[in-house]
Amino acid sequence: MSSALPAEVPVRSAPADNAAQTAPYSLPDVVCFAHLHWDFVWQRPQHLMSRFAQHGRVFYVEDAFYHDNDQVQPHLELKERPHGLQVVVAHLPARLRHDAPAADEAQNTLLHAFFQEQNLTNYLFWYYTPMALGKSGGFAPALTVYDCMDELANFKFAPPELRTREQELFRKSDLVFTGGHTLYEAKRQQHADAHPFPSSIDKNHFGQARLPLPEPADQAGIAHPRVGFFGVVDERLDIELLGQLAEAHPEWQFVIIGPVVKIDPATLPKSANIHYLGGKDYQELPTYLAGWDVATLLFADNESTKFISPTKTPEYLAAGRPVVSTPIRDVVRPYGELNLVQIAATADEFGRAISTALTQTHDADWQQRTDDYLATISWDQTWQQMVDLMQARINVK
């Protein structure tokens with residue numbers, strides 16, 4: 001699986017809160033197979049794995065790194081991260097780049113040797129991508145979890161065999177978690193023990209945006225009102241809608257934070273009131289949000305957005321920003337139905353919604369209702385609920 005699959009926000013690091021325990025932690029070592037590089041984004045995998053790492057060994061196995069020559073012998077690189085988490089990267093020669101079976105075999109050999117070196121005898125497998133099945137055969141995990149955070153098969157450049165591999169992973173998995181309710185509705189038909197775990201929130205981190213913060217240099221010179229978006233700029237972003245809004249409302253400044261991935265930057269609208277600031281560190285995001293007047297979820301209506309549950313929805317709200325979104329199902333339910341987020345399908349509707357949102361920061365009732373809802377979710381709670389299910393499943397086995 002290409003590491004260029006959509007992510008949420010480019011980062012280098014983020015804190016992990018101590019999770020409240022409802023039962024003594026008793027899980028084996030965690031081996032996580034991921035399609036996202038640990039150091040590129042901080043989202044669902046990092047939030048969850050950093051919490052596991054506070055209780056036991058965690059090995060985060062990334063996609064292989066292919067060198068430009070054939071002189072490199074296959075080998076593993078280990079990178080230690082907070083709480084002792086180990087990032088594991090296979091280095092492979094160029095000749096294996098377009099020979100997936102041989103590349104999987106080489107990685108499988110490396111991993112078997114690595115398990116012996118690390119005395120990995122009691123472990124569980126946690127998958128984010130079905131494509132990792134090719135390199136993880138011949139092991140005997142005490143538990144297999146598929147955390148299906150996105151419908152990867154619908155993303156641009158997804159491998160054609162991904163759907164077949166996912167069916168195999170369903171057969172191997174003891175538990176399936178999904179990144180949202182819409183995805184759960186699709187996957188529960190394919191696995192008897194599936195559970196929805198929508199994207200959650202680090203309230204303390206994003207709540208900093210409600211305080212006076214120093215203005216980032218690249219945003220300081222942008223006039224108000226500011227309408228912002230952060231996330232990867234890829235096929236999920238509705239660039240046509242962005243262009244229409246910028247043209248119809250020259251009095252607003254649109255701040256877009258995130259790297260451009262899988263689409264041609266030349267296709268992005270170039271209005272004078274659109275400001276592309278690039279990717280930012282997770283730690284910096286509250287300083288940008290603090291300077292916005294409205295936050296948006298400018299998602300297109302296409303296959304890649306059909307099942308998404310955007311992490312940025314509660315993050316925006318925790319920052320105290322009014323939010324306007326296109327009708328993404330997992331934003332409509334619950335945020336739109338609770339009247340916490342405004343939903344708009346067309347450029348005209350979106351413009352009117354932004355106009356309303358610009359007055360919402362003075363709406364004490366909206367802020368209270370938002371905070372009441374946010375009090376019911378957190379990454380700590382999500383992680384603990386997952387742990388409880390996993391421990392119960394292992395006890396049954």
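Hydrogens, waters and symmetry mates play no part in the numbers below; they use all other heavy atoms, side chains included.
- Defined by atom type and a distance below 3.5 Å, a donor-acceptor pair is present between the side-chain atoms of Asp388 and Gln384.
- The ring of Tyr316 has its center closer than 6.0 angstrom to the ring center of Phe230.
- Taking CG of Leu133 as the reference point, atom CG of Asn108 lies at 11.5 Å (rounded to 0.5 Å).
- Taking both residues in full, the closest heavy atoms of Ala223 and Gln253 are given as O-CG, 3.3 Å, listed atom of the first, atom of the second, then distance.
- Salt-bridge annotation for Arg369 and Asp365: present, with a side-chain N of the basic residue lying under 4.0 Å from a carboxylate O of the acidic one.
- In summary, the side chains of His191 and Asp193 do not present any donor paired with an acceptor at a separation below 3.5 Å, with no hydrogens or angles considered.
- At a threshold of 4.5 Å between side-chain heavy atoms, the hydrophobic network of Ile, Leu, Val, Met, Phe, Trp and Tyr places Trp366 and Val324 in one connected group.
- Side-chain atoms of Tyr335 and Val323, non-hydrogen and from C-beta on, never get closer than 4.5 Å to each other.
- Using a 4.5 Å cut-off on side-chain heavy atoms (C-beta onward), Phe229 and Leu242 make no contact.
- The hydrophobic cluster containing Ile394 also contains Met390, counting ILVMFWY residues as joined when their side-chain heavy atoms lie under 4.5 angstrom apart, directly or transitively.
- The shortest distance between side-chain heavy atoms of Lys280 and Pro216 does not fall below 4.5 Å.
- Leu48 pairs in a side chain to side chain contact (heavy atoms under 4.5 Å, CB included) with only one of the listed residues (Phe197, Phe177, Trp383), which is Trp383.
- The shortest distance between side-chain heavy atoms of Lys79 and Trp38 does not fall below 4.5 Å.
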side-chain contact (heavy atoms from CB on, under 4.5 Å) between Val331 and Ile343, worked out:
CA-CA 8 Å; Val331 179; Ile343 307 298; 4.0 Å; yes
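- Between the CD atom in Gln283 and the CD atom in Gln208 there is a gap of 7.5 Å [rounded to 0.5 Å].
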For Val294 and Trp252, what are the C-alpha separation, side-chain angles and deciding distance, and is it a side-chain contact (heavy atoms from CB on, under 4.5 Å)?
CA-CA 10 Å; Val294 174; Trp252 299 340; over 6 Å; no
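- For Gln391 (side chain) and Ser26 (main-chain N/O), a donor-acceptor pair under 3.5 Å exists by modelled atom type.
- Atom CD of Gln116 is surrounded by 12 or fewer heavy atoms from other residues, nucleotides or ligands within 6.0 Å.
- Considering only heavy atoms from C-beta on, Pro314 comes within 4.5 Å of Ile377 through its side chain.
- No donor-acceptor distance shorter than 3.5 angstrom exists from the side chain of Asp234 to the backbone of Lys262, with no hydrogens or angles considered.
- Counting only N and O atoms by type, the side chains of Asp293 and His224 include a donor and acceptor under 3.5 Å apart.
- With respect to the salt-bridge test (charged N to carboxylate O, under 4.0 angstrom), the residues Arg226 and Glu215 qualify.
- For the residue pair Pro93 and Tyr66, the shortest heavy atom distance occurs at O-CD2, 3.8 Å.
- The backbone N or O of Val176 sits nowhere less than 3.5 Å from a side-chain atom of Lys187 that would complete a donor-acceptor pair.
- Grouping the Ile, Leu, Val, Met, Phe, Trp and Tyr side chains by contacts below 4.5 angstrom, directly or via other members, places Val72 apart from Leu110.
- Remark: the backbone N or O of Tyr282 is paired with a side-chain donor or acceptor of His205 at under 3.5 angstrom.
- One N or O on the side chain of Arg210 and one on the backbone of Ala318 form a donor-acceptor pair closer than 3.5 Å.
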How far apart are the C-alpha atoms of Gln360 and Gln342, what are their side-chain angles, what is the distance that settles it, and do they pass the side-chain contact (heavy atoms from CB on, under 4.5 Å) test?
CA-CA 11 Å; Gln360 258 185 308; Gln342 293 190 73; 3.5 Å; yes
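- For Glu247 (side chain) and Gly243 (main-chain N/O), no donor-acceptor pair under 3.5 Å exists by modelled atom type.
- When hydrophobic clusters are built by joining Ile, Leu, Val, Met, Phe, Trp and Tyr residues whose side-chain heavy atoms come closer than 4.5 Å, directly or via intermediates, Leu289 is grouped together with Leu358.
- Of the listed residues (Phe59, Tyr128, Trp126, Phe125), just one forms a ring-ring contact (aromatic ring centres under 6.0 Å, His included) with Phe33, and that residue is Phe125.
- Arg393 places no side-chain N or O within 3.5 Å of a backbone atom of Leu175 that could act as its donor or acceptor partner.
- Here the rule is side-chain hydrogen bond (donor to acceptor under 3.5 Å, both in side chains) with Arg44, and of Asp147, Thr382, Thr311 only Asp147 fits it.
- No side-chain donor from either of Asp363 and Gln367 sits under 3.5 Å from a side-chain acceptor of the other.
- Judged by distance alone, with hydrogens and angles left aside, the side-chain atoms of Arg329 form no donor-acceptor pair with the main-chain N or O of Thr182 at under 3.5 Å.
- Proximity of Asp29 to Val58: side-chain heavy atoms (C-beta onward) are nowhere separated by under 4.5 Å.
- Side-chain contact check for Pro269 versus Tyr276: some heavy-atom pair is nearer than 4.5 Å.
- Between Thr313 and Ser325, the closest side-chain pair of non-hydrogen atoms is not below 4.5 Å.
- Between the OG1 atom in Thr144 and the NZ atom in Lys172 there is a gap of 8.0 Å [rounded to 0.5 Å].
- Gln73 CD to Asp70 CG: the interatomic distance, rounded to the nearest 0.5 Å, is 10.0 Å.
- A side-chain donor-acceptor contact under 3.5 Å links Arg165 to the backbone of Met131.
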Can you check side-chain contact (heavy atoms from CB on, under 4.5 Å) on Thr178 and Arg188, steps first, answer last?
CA-CA 9 Å; Thr178 66; Arg188 69 178 176 179; over 6 Å; no
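- The CZ atom of Phe254 lies 5.0 Å from the CG atom of Leu245; values are rounded to the nearest 0.5 Å.
- Using modelled atom types and a 3.5 Å distance limit, the side chains of Tyr127 and Ser136 yield a donor-acceptor pair.
- Lys312 contributes no side-chain N or O that, together with a main-chain N or O of Leu297, makes up a donor-acceptor pair within less than 3.5 Å.
- Note that CG of Leu76 is 6.0 Å distant from CG of Leu111, once rounded to the nearest 0.5 Å.
- A centroid separation of less than 6.0 Å is found between the aromatic rings of Tyr123 and Phe115.
- In this structure, Leu213 is not a member of the same hydrophobic cluster as Val255, with clusters built from ILVMFWY side-chain heavy atoms closer than 4.5 Å.
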